[in-house]
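All values below were derived from every heavy atom in this structure, side-chain atoms included, with hydrogens, water molecules and symmetry-related copies excluded.
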Amino acid sequence: MTEGAQGGATDAWAKRDTAVVWHGFTQMSSYLEDAPVIVERAEGHELIDVDGNRYLDAISSLWVNTLGHRVPELDEALRRQLELVSHSTMLGNGNRVVVEFAEALAAVVPVDRPHMVFASDGAAAVEQALRIAFQFWTNRGVTGRNSFLAFGGAYHGDTVGALSVGAGGFGTDVFDPLRFPVLRAPSFDDPSCLDVAAAMVADHAHEVAAVVVEPLVQGAAGMRMAGPQGFPELAAACRRHDVLLICDEVATGFGRTGTLFASEQCGLRPDVLCLGKGITGGYLPLSATVVAGHVFDAFLGPDPSPRTLHHGHSYGGNALAAAVALRHLQLLAERDVLANVRARSTQLERLLWDQVAPLPAVAEVRVKGLMAGIDLESPKPSLRWGRRVCAEAVRRGVLLRPLGDVVVLMPPLTVTAEEVERIVEVLAAAIAEVTAP
Ligand SMILES: *Cc1c(COP(=O)(O)O)cnc(C)c1O
């Protein structure tokens with residue numbers, strides 16, 4: 001691999017890129033200096049750039065990929081659906097493969113009598129959940145349920161509603177004047193956060209439409225984790241005080257934490273479950289708001305009726321995405337992917353403790369399933385340790401992207417033992433290199 005810039009073709013493509021593409025959460029004035037990888041194709045767990053350099057995709061293309069790239073069975077499912085139909089509207093009409101996928105998903109989600117509202121992004125799944133929770137109460141003639149209870153450190157996506165239940169950060173504070181107010185429980189850093197949230201539910205039930213929580217892991221907060229034991233108490237408080245529980249499993253869903261859904265480990269059966277990211281194995285944009293039957297029922301009535309769910313997206317329930325998602329769900333079971341997640345998780349944790357935790361620059365290591373956060377104890381943020389460690393790892397052929405000074409590891413669910421070894425070796429070397437006194 002070449003030093004610094006990855007090669008001639010990359011430079012040229014990166015220049016064409018900056019001329020017309022605006023990358024989110026990226027300062028475009030320094031985009032070129034940060035040596036972006038310009039991907040052309042992929043094989044298995046590796047991305048291949050326009051110069052032919054290979055990178056192990058250790059962040060699963062920002063947390064969406066599960067079984068690697070170009071999975072023959074998923075490619076085939078997509079091709080077969082292309083021969084049938086790519087997309088038809090979900091508004092007032094149905095589509096065969098979307099029904100088939102919804103049935104398959106209904107059989108595995110920890111939600112009672114589930115109904116799926118499909119959209120394309122995780123943020124839209126959360127936005128739909130908020131709208132449904134709010135309208136649920138108005139449909140039942142209950143007034144004043146105008147607020148939501150969410151957690152410090154929470155991240156639920158970038159639309160204005162999802163941003164409002166999110167706790168901010170990443171420079172999004174600029175949008176504070178647009179956010180609606182939310183009751184805020186402590187972040188997962190506080191061991192009592194779930195107890196405090198349960199008490200807040202009791203105190204504010206009459207004004208709260210729903211509690212929104214990321215079960216087990218607050219991903220974007222930097223892989224902040226809460227043990228499963230605190231969640232049943234929160235769910236019990238919601239039930240006791242008649243407040244809906246929304247679980248945002250956009251990041252944790254589809255096997256990431258070692259079970260198909262993190263809610264299962266927490267003993268939760270949410271009223272609304274938000275899914276996205278891994279739902280199509282990282283192939284196509286699809287998300288789902290999974291709604292329990294008793295919530296769905298509150299929207300039934302005459303037509304026309306103010307009880308109808310007045311919400312929907314043009315591409316919600318895209319047939320190509322549904323075909324891939326259906327095959328993906330089957331493959332997770334056929335290949336016993338969850339067993340690999342658990343085995344590789346144990347290995348990853350052990351190797352991180354042996355090789356990374358002892359480094360002087362490392363403050364803490366957290367692992368749940370195949371989600372890991374490594375806190376770098378930077379003397380000052382302007383050193384950009386997180387960014388520079390990841391750049392160094394990329395130079396060594398492992399693609400990483402940090403959250404501030406937290407290095408995030410999120411390898412594909414089918415990552416091999418050798419690949420886990422390589423990721424940890426490269427990370428340890430990158431940290432040692434960048435943080436050497
Ligand atoms: C990524 C994420 C979202 C937003 O999903 P997008 O597809 O990026 O809109 C919402 N919630 C959680 C927990 C996430 O990790």
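Taking CG from Asp189 and CE from Met225, the interatomic distance works out to 11.5 Å, rounded to the nearest 0.5 Å. The line from CE of Met410 to CZ of Arg256 is 4.5 Å long, rounded to the nearest 0.5 Å. Leu275 CG to Glu249 CD: the interatomic distance, rounded to the nearest 0.5 Å, is 7.0 Å. In this structure, Leu163 CG and Asp158 CG are separated by 6.0 Å, a value rounded to the nearest 0.5 Å. Atoms NZ and OG, from Lys368 and Ser345 in turn, are 7.5 Å apart once rounded to the nearest 0.5 Å. In this structure, Ile59 CD1 and Cys390 SG are separated by 8.0 Å, a value rounded to the nearest 0.5 Å.
A donor-acceptor pair is defined here as one N or O able to donate and one able to accept, closer than 3.5 Å; no such pair exists between the side chain of His311 and the backbone of Glu127. Not a single donor-acceptor pair under 3.5 Å links the side chain of Ser88 to the backbone N or O of Asn95. At least one donor-acceptor pair closer than 3.5 Å links the side chain of Thr280 to the backbone N or O of Tyr283. Remark: side-chain polar atoms of Ser378 are paired, donor with acceptor, to backbone N or O of Lys380 under 3.5 angstrom. The backbone N or O of Asn53 lies less than 3.5 Å from no partner atom in the side chain of Asp51, so there is not a single donor-acceptor pair. Of the possible donor and acceptor atoms, none in the side chain of Glu264 sits under 3.5 Å from a partner among the backbone N and O of Leu268. Distance alone, capped at 3.5 Å, places no donor-acceptor pair between the Asn65 side chain and the Gly282 backbone. Arg366 places no side-chain N or O within 3.5 Å of a backbone atom of Ala372 that could act as its donor or acceptor partner. Of the possible polar contacts, none joining the Glu46 side chain to the Glu43 backbone as a donor-acceptor pair under 3.5 Å is found. No side-chain donor-acceptor contact under 3.5 Å links Thr346 to the backbone of Arg344.
Inter-residue side-chain proximity for Asp248 and Tyr155 is flagged as unmet; no heavy-atom pair is nearer than 4.5 Å. Between Leu338 and Leu332, the closest side-chain pair of non-hydrogen atoms is not below 4.5 Å. Within the 4.5 Å cutoff, the side chain of Asp173 has heavy atoms near those of the Asp176 side chain. Put simply, the side chain of Val408 reaches to within 4.5 Å of the side chain of Trp63, judged on heavy atoms. Taking 4.5 Å as the limit, some side-chain heavy atom of Cys274 sits within range of a side-chain heavy atom of Ile246. Between Pro270 and Val111 there is a side-chain heavy-atom pair separated by less than 4.5 Å. Residues His328 and Leu67 form a side-chain contact, since some pair of their non-hydrogen atoms from C-beta on lies under 4.5 Å apart. The side-chain heavy atoms of Phe151 and Val211, taken from C-beta on, include a pair separated by under 4.5 Å.
Across every non-hydrogen atom of Ala154 and Glu214, the tightest pair is CA-OE2, 3.3 Å. The shortest non-hydrogen separation linking Leu273 to Pro110 is CD2-CD, 3.9 Å. The shortest non-hydrogen separation linking His69 to Ala42 is CB-CB, 3.5 Å. Nearest heavy atom pair, residue Ser147 against residue Val182, reads OG-CA, 4.2 Å. Contact detail for Ala322 and Phe101: the closest heavy-atom pair is O-CB, 3.8 Å. Across Ala133 and Phe148, no two heavy atoms sit closer than the pair CB-CE2, 4.0 Å.
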(request) Please report the C-alpha distance between Gln128 and Arg131 in whole Å, then the side-chain angles of each, then the deciding distance to 0.1 Å, and finally whether the side chain to side chain donor-acceptor pair (under 3.5 Å) criterion is met. (result) CA-CA 5 Å; Gln128 292 179 157; Arg131 299 279 289 275; over 6 Å; no
(request) Please lay out, stage by stage, how Ser61 and Asp57 fare under the test side chain to side chain donor-acceptor pair (under 3.5 Å). (result) CA-CA 7 Å; Ser61 295; Asp57 189 0; 2.8 Å; yes
(request) Starting from the C-alpha separation in whole Å, work towards a yes-or-no answer on side chain to side chain donor-acceptor pair (under 3.5 Å) for Asp121 and His313. (result) CA-CA 10 Å; Asp121 291 287; His313 295 282; over 6 Å; no
(message) The test is side-chain contact (heavy atoms from CB on, under 4.5 Å); show your working for Thr252 and Met371 and say whether it passes.
(response) CA-CA 9 Å; Thr252 52; Met371 303 175 91; 4.0 Å; yes
(request) Show your working on side-chain contact (heavy atoms from CB on, under 4.5 Å) between Thr257 and Thr259 and close with a plain yes or no. (result) CA-CA 6 Å; Thr257 65; Thr259 47; 3.8 Å; yes
(request) Determine, stepwise, if the pair Val97 / Leu320 fulfils side-chain contact (heavy atoms from CB on, under 4.5 Å). (result) CA-CA 9 Å; Val97 74; Leu320 295 177; over 6 Å; no
(request) Let me see the working for Ile132 and Leu130 under side-chain contact (heavy atoms from CB on, under 4.5 Å), right down to the final yes or no. (result) CA-CA 5 Å; Ile132 289 166; Leu130 302 177; over 6 Å; no
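Residue Leu376 is tested with Leu383, Val406, Val389, Val434 for a side-chain contact (heavy atoms from CB on, under 4.5 Å); the sole match is Val389.
Checked for salt-bridge contact, Arg395 and Glu433 miss the test: no charged N lies under 4.0 Å from a carboxylate O. A salt bridge is absent between Glu100 and Arg327; no separation between the charged side-chain nitrogens and carboxylate oxygens falls under 4.0 Å. Looking at Arg80 and Glu83, no side-chain N of the basic residue comes within less than 4.0 Å of a carboxylate O on the acidic one, giving no salt bridge. Looking at Asp190 and Arg224, no side-chain N of the basic residue comes within less than 4.0 Å of a carboxylate O on the acidic one, giving no salt bridge. A salt bridge between Glu419 and Arg422 is absent, with no side-chain N of the basic residue lying under 4.0 Å from a carboxylate O of the acidic one.
Relative to the ring axis of Trp13, Arg16 places its NZ or CZ within 45° and under 6.0 Å from the centre.
Annotation: Tyr315, atom OH; neighbour count of heavy atoms from other residues, nucleotides and ligands within 6.0 Å does not exceed 12. Applying the 6.0 Å contact sphere to CZ of Phe175 captures no more than 12 heavy atoms from other residues, nucleotides or ligands.
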